[in-house]
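What follows is a single structure, written as structure tokens, with notes after it.
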2 protein chains.
Amino acid sequence: MVKAKKELFDQELQDAARFFKCLGHPARLAILQYLASTDTCIMGDLSDELPLSRTTVNQHLKALKELGIIKGEVEGVRVNYCLNGDVMERLKKMSIHFLDSIHSCSSTSCS
Amino acid sequence: MVKAKKELFDQELQDAARFFKCLGHPARLAILQYLASTDTCIMGDLSDELPLSRTTVNQHLKALKELGIIKGEVEGVRVNYCLNGDVMERLKKMSIHFLDSIHSCSSTSCS
DNA sequence: ATTATTTGACGTAATTATACGTCAAATAAA
DNA sequence: TTTATTTGACGTATAATTACGTCAAATAAT
């Protein structure tokens, strides 16, 4: 790659793409599902649940944290992870807004 | 990477992740927006519109075609691209279903 | 018939993502 | 105090993505 070109697109598209990309791995979707299913969740719970090592799970958590989709409450040596309701809501709205703005063509050339 | 682990997750999660991943690049979102805005669209139109070379645009089109999100009608030497309404609808439903299934926790530990 | 368009296949370089092990620091338990 | 847990930082190897140029084949235009 000579140069990354993502920054040449509309900011809105970049933001949307970042969110979608973060949802673009089954491990991260599984993490979100697990966090939605429980109140208390530390990393060990996740790496027990997922077929991945602790370090890899940590990496996926980092990606989700960077977008603010999840947050971690430090409790001593442990960190209790949970979803960020506000960001999840924004993410949901953004997805629906974007997908609704895309309506398929109805011309005869598109069978 | 010793081995890809994606296939160890639920098929449903894998499918959802594949769709989200495909939406995870601003160029592909821009392509979808453009296709939604016009009836007739050949690749030259897209590479004029986007800040990317024709070959790169072609690569993104390929990714979208592989998931069935768009389709191309061959018209002589040209290919008229358009959205696949059915798949777009499925994608929309899947997104909403998945995101709705994730509701943030309400415990006191999650402020 | 010759020239111009348009596309997809192929190859390639650079970047990013994925997966994991090891280690040190911090806290908890013994 | 010593030992065990838990986490995040760091490094590393492999795979995938992104971006582009070149080329041949097919069709359209001259």
Side-chain angles (χ1 to χ4, degrees), chain A residues 1-9 13-14 17-31 35 40-67 69-82 109, chain B residues 1-9 13-14 17-31 35 40-67 69-82 109:
Chain A
M1 198 188 323
V2 181
K3 206 69 201 293
K5 296 283 186 90
K6 291 181 184 174
E7 69 274 2
L8 298 179
F9 292 89
L13 283 187
Q14 289 184 54
R18 241 191 303 272
F19 270 116
F20 285 132
K21 187 176 190 178
C22 198
L23 299 180
H25 194 288
R28 290 192 287 271
L29 297 184
I31 288 172
L35 291 184
T40 59
C41 174
I42 64 171
M43 203 161 59
D45 299 337
L46 285 166
S47 53
D48 286 349
E49 194 71 12
L50 306 179
L52 296 172
S53 75
R54 188 190 61 77
T55 32
T56 302
V57 171
N58 195 29
Q59 233 166 199
H60 287 301
L61 285 173
K62 203 174 160 192
L64 290 164
K65 262 189 288 183
E66 262 165 22
L67 282 187
I69 300 175
I70 67 171
K71 46 188 174 177
E73 297 269 317
V74 178
E75 291 172 0
V77 71
R78 295 167 168 223
V79 178
N80 194 36
Y81 289 102
C82 61
S109 65
Chain B
M1 200 188 321
V2 181
K3 207 68 200 300
K5 297 282 186 90
K6 291 181 184 173
E7 71 273 3
L8 298 179
F9 293 88
L13 283 188
Q14 290 184 52
R18 242 191 303 272
F19 270 116
F20 284 132
K21 187 176 189 176
C22 198
L23 299 180
H25 194 288
R28 290 192 287 271
L29 297 184
I31 288 173
L35 291 184
T40 59
C41 174
I42 63 170
M43 201 161 59
D45 299 336
L46 285 166
S47 53
D48 285 349
E49 193 72 12
L50 305 179
L52 296 171
S53 76
R54 188 190 62 77
T55 33
T56 302
V57 170
N58 195 29
Q59 232 167 200
H60 287 302
L61 285 173
K62 202 174 160 193
L64 290 164
K65 262 188 288 185
E66 261 165 22
L67 281 187
I69 301 177
I70 68 172
K71 46 189 174 177
E73 296 271 316
V74 178
E75 291 171 1
V77 70
R78 295 168 168 221
V79 178
N80 194 35
Y81 289 102
C82 61
S109 65

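Basis for what follows: all heavy atoms, side chains included, without hydrogens, waters or symmetry-related copies. To find a chain, count down the sequence lines: A is the first, B the second, and so on, and within it residues start at 1.
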**OP:** Would you check if the side chain of B/R54 reaches a backbone N or O of B/S47 as a donor-acceptor pair within less than 3.5 Å?
**Re:** no

Original post:
Which pair of non-hydrogen atoms, one from A/L29 and one from B/A17, has the smallest distance, and what is that distance?
Top reply: CD1-N, 3.6 Å

Original post:
Taking atom P of D/dT7 as reference, at what distance in whole Å does atom NZ of A/K71 sit?
Top reply: 18 Å

What protein N or O atoms touch nucleotides 22-30 of chain D N or O atoms at under 3.5 angstrom, if any, and at what distances?
unit_1	atom_1	unit_2	atom_2	d
D/dT27	O3'	B/V77	N	3.4

**OP:** Check whether any side-chain N or O of A/T56 sits under 4.0 Å from OP1 or OP2 of C/dA19, and answer yes or no.
**Re:** no

Subject >> Nucleotide D/dT18, atom P - distance to CD of A/E7 in whole Å >> reply: 14 Å

Subject >> Between NE2 on residue A/H60 and CE on residue A/M43, distance to nearest 0.5 Å >> reply: 12.5 Å

**OP:** Mark yes or no for whether A/Q14, through its side chain, and B/P26, through its backbone, hold a donor-acceptor pair below 3.5 Å.
**Re:** no

Subject >> C/dT7 OP1/OP2 closer than 4.0 Å to side-chain N/O of B/Y81 >> reply: no

Subject >> Strand-adjacent residues in residues 19-30 of chain A, judged by heavy atoms under 4.0 Å from DNA chain C >> reply: A/K21, A/H25, A/R28

Original post:
Roughly, in whole Å, what's the span from CG in A/N58 to C1' in C/dA19?
Top reply: 12 Å

Original post:
If you look at every heavy atom in B/C41 and B/N80, which pair is closest and at what distance?
Top reply: N-OD1, 2.6 Å

Subject >> Any B/H60 side-chain N or O less than 4.0 Å from OP1/OP2 of D/dT17 >> reply: no

**OP:** Figure out the CG/C1' separation between A/D45 and D/dT6, and round it to whole Å.
**Re:** 12 Å

Original post:
Between atom CG of A/L35 and atom CG of A/D45, what is the distance when rounded to the nearest 0.5 Å?
Top reply: 10.0 Å

Original post:
In Å, rounded to the nearest 0.5 Å, how long is the span from CD1 of A/I31 to CD1 of A/I69?
Top reply: 11.0 Å

Original post:
Once you round it to whole Å, what is the distance between P of C/dT27 and CE of A/M43?
Top reply: 16 Å

Original post:
Can you check the A/K5 NZ to C/dA13 P distance for me, whole Å?
Top reply: 19 Å

**OP:** Would you please test B/F19 and A/L23 for side-chain contact (heavy atoms from CB on, under 4.5 Å) and show each step?
**Re:** CA-CA 9 Å; B/F19 270 116; A/L23 299 180; over 6 Å; no

**OP:** Round to a whole Å and report the spacing from CG of A/L61 to P of C/dT18.
**Re:** 13 Å

**OP:** Using whole Å, report how far NZ of B/K62 lies from C1' of D/dC20.
**Re:** 15 Å

**OP:** List the atom of B/G72, the atom of B/Y81, and the distance in Å for their closest heavy-atom pair.
**Re:** CA-CD2, 3.8 Å

**OP:** Check every atom of C/dG8, C/dC20, D/dT18 against the side chain of B/Q59 and return the nucleotide holding the closest atom.
**Re:** D/dT18

